[in-house]
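One structure is given here, and the rest of the page talks about it.
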Amino acid sequence: MSHSRAGAGEPPAGSPEGRGTPAGIDDLLERVRAGYVRVGPHTVAESVRTGEALVVDIRYAALRERDGLIPGAVVVERNELEWRLDPWGSHRLPEATGHDLHVIVVCNEGYASSLAVESLHRLGLHRATDLIGGFQAWRAAGLPVVPPEA
């Protein structure tokens with residue numbers, strides 16, 4: 001039995017018929033990201049300014065405490081994300097009002113957020129996207145940061 005990557009005529013690893021087909025993380029990220037348009041720091045800043053999107057910070061507490069937060073972002077730990085953003089869920093955030101909600105997910109460097117977006121798309125949140133380069137790209141762009149609490 002071969003464990004090679006999907007070849008011609010084989011379903012992609014992320015497709016329902018391709019479940020169980022091995023894929024490396026780089027391939028998986030490429031496939032996931034091909035399904036939506038990612039956004040840069042200045043686009044996120046404009047979305048924050050206009051209130052057009054819900055920015056969700058999924059970084060773990062130690063990173064938020066070390067680096068601070070994007071102003072206006074809602075903190076939802078990654079392991080709670082689907083429960084908090086499911087518009088039909090009993091544990092949803094008040095902001096999770098419908099499947100048309102524009103969500104921008106932020107992690108530290110833009111990797112975990114891409115996988116989180118794929119999960120949100122499966123929940124029907126078709127406008128979910130993520131910040132290219134994550135919080136570190138935001139900070140590198142010189143955009144405002146709410147300092148960590150002392």
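In what follows, residues are counted from 1 in the order of the sequence shown. Everything quoted here is computed from the prediction, not taken from an experiment.
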Salt bridge (charged side-chain N to carboxylate O under 4.0 Å, His left out) contacts in which one or both residues fall within residues 32-55, not counting sequence neighbours:
R38-D130, E46-R49, E52-R127
Output the rest of the hydrophobic cluster of L69: all Ile, Leu, Val, Met, Phe, Trp and Tyr residues reachable through side-chain heavy-atom contacts under 4.5 Å, sorted by chain and number.
V75, V146
Is it true that I70 and I132 fall in one hydrophobic cluster, defined by side-chain heavy atoms closer than 4.5 Å?
no
Quick note, side-chain hydrogen bond (donor to acceptor under 3.5 Å, both in side chains) partners involving residues 89-100, not counting sequence neighbours, are D100-H126
Strictly by side-chain hydrogen bond (donor to acceptor under 3.5 Å, both in side chains), give each pair with a member in residues 59-73 just once, sequence neighbours left out.
D57-R59, R64-E77, D67-Q136, D67-R139
Give the cluster check for L101 versus V76: same hydrophobic cluster or not, with ILVMFWY residues linked at side-chain heavy-atom distances below 4.5 Å.
yes
Does some side-chain heavy atom of L120 sit less than 4.5 Å from a side-chain heavy atom of V103?
yes
For G40 and L131, the nearest pair of non-hydrogen atoms, with its separation, is C-CD1, 3.5 Å
Shared hydrophobic cluster for L123 and W83 (ILVMFWY, side-chain gaps under 4.5 Å)
no
Residue set satisfying side chain to side chain contact (heavy atoms under 4.5 Å, CB included) with A137, at least two apart, ordered chain then number -> P41
Could you tell me whether the side chain of S119 reaches within less than 4.5 Å of the side chain of L81, counting heavy atoms only?
no
Residues at least two apart in sequence or cross-chain that pass salt bridge (Lys or Arg N to Asp or Glu O under 4.0 Å) with R78, listed by chain then number, are E82
Stepwise, does the side chain to side chain contact (heavy atoms under 4.5 Å, CB included) test hold for L85 with V56?
CA-CA 10 Å; L85 292 182; V56 179; 4.3 Å; yes
Is it the case that over 12 heavy atoms from other parts of the model lie below 6.0 angstrom from the CD atom of E30?
no
Out of curiosity, does L125 fall in the hydrophobic cluster containing I58 (side-chain heavy atoms, cut-off under 4.5 Å, transitive links)?
yes
Any side-chain to backbone donor/acceptor pair from S114 onto L29? Under 3.5 Å, distance only.
no
Are any side-chain N or O atoms of T43 and backbone N or O atoms of V39, one a donor and one an acceptor, separated by less than 3.5 Å?
no
Answer yes or no: is there a donor N or O on one side and an acceptor on the other, between the side chain of W138 and the main chain of P144, under 3.5 Å?
yes
Distance, nearest 0.5 Å, that separates CG of L143 from CZ of F135
10.0 Å
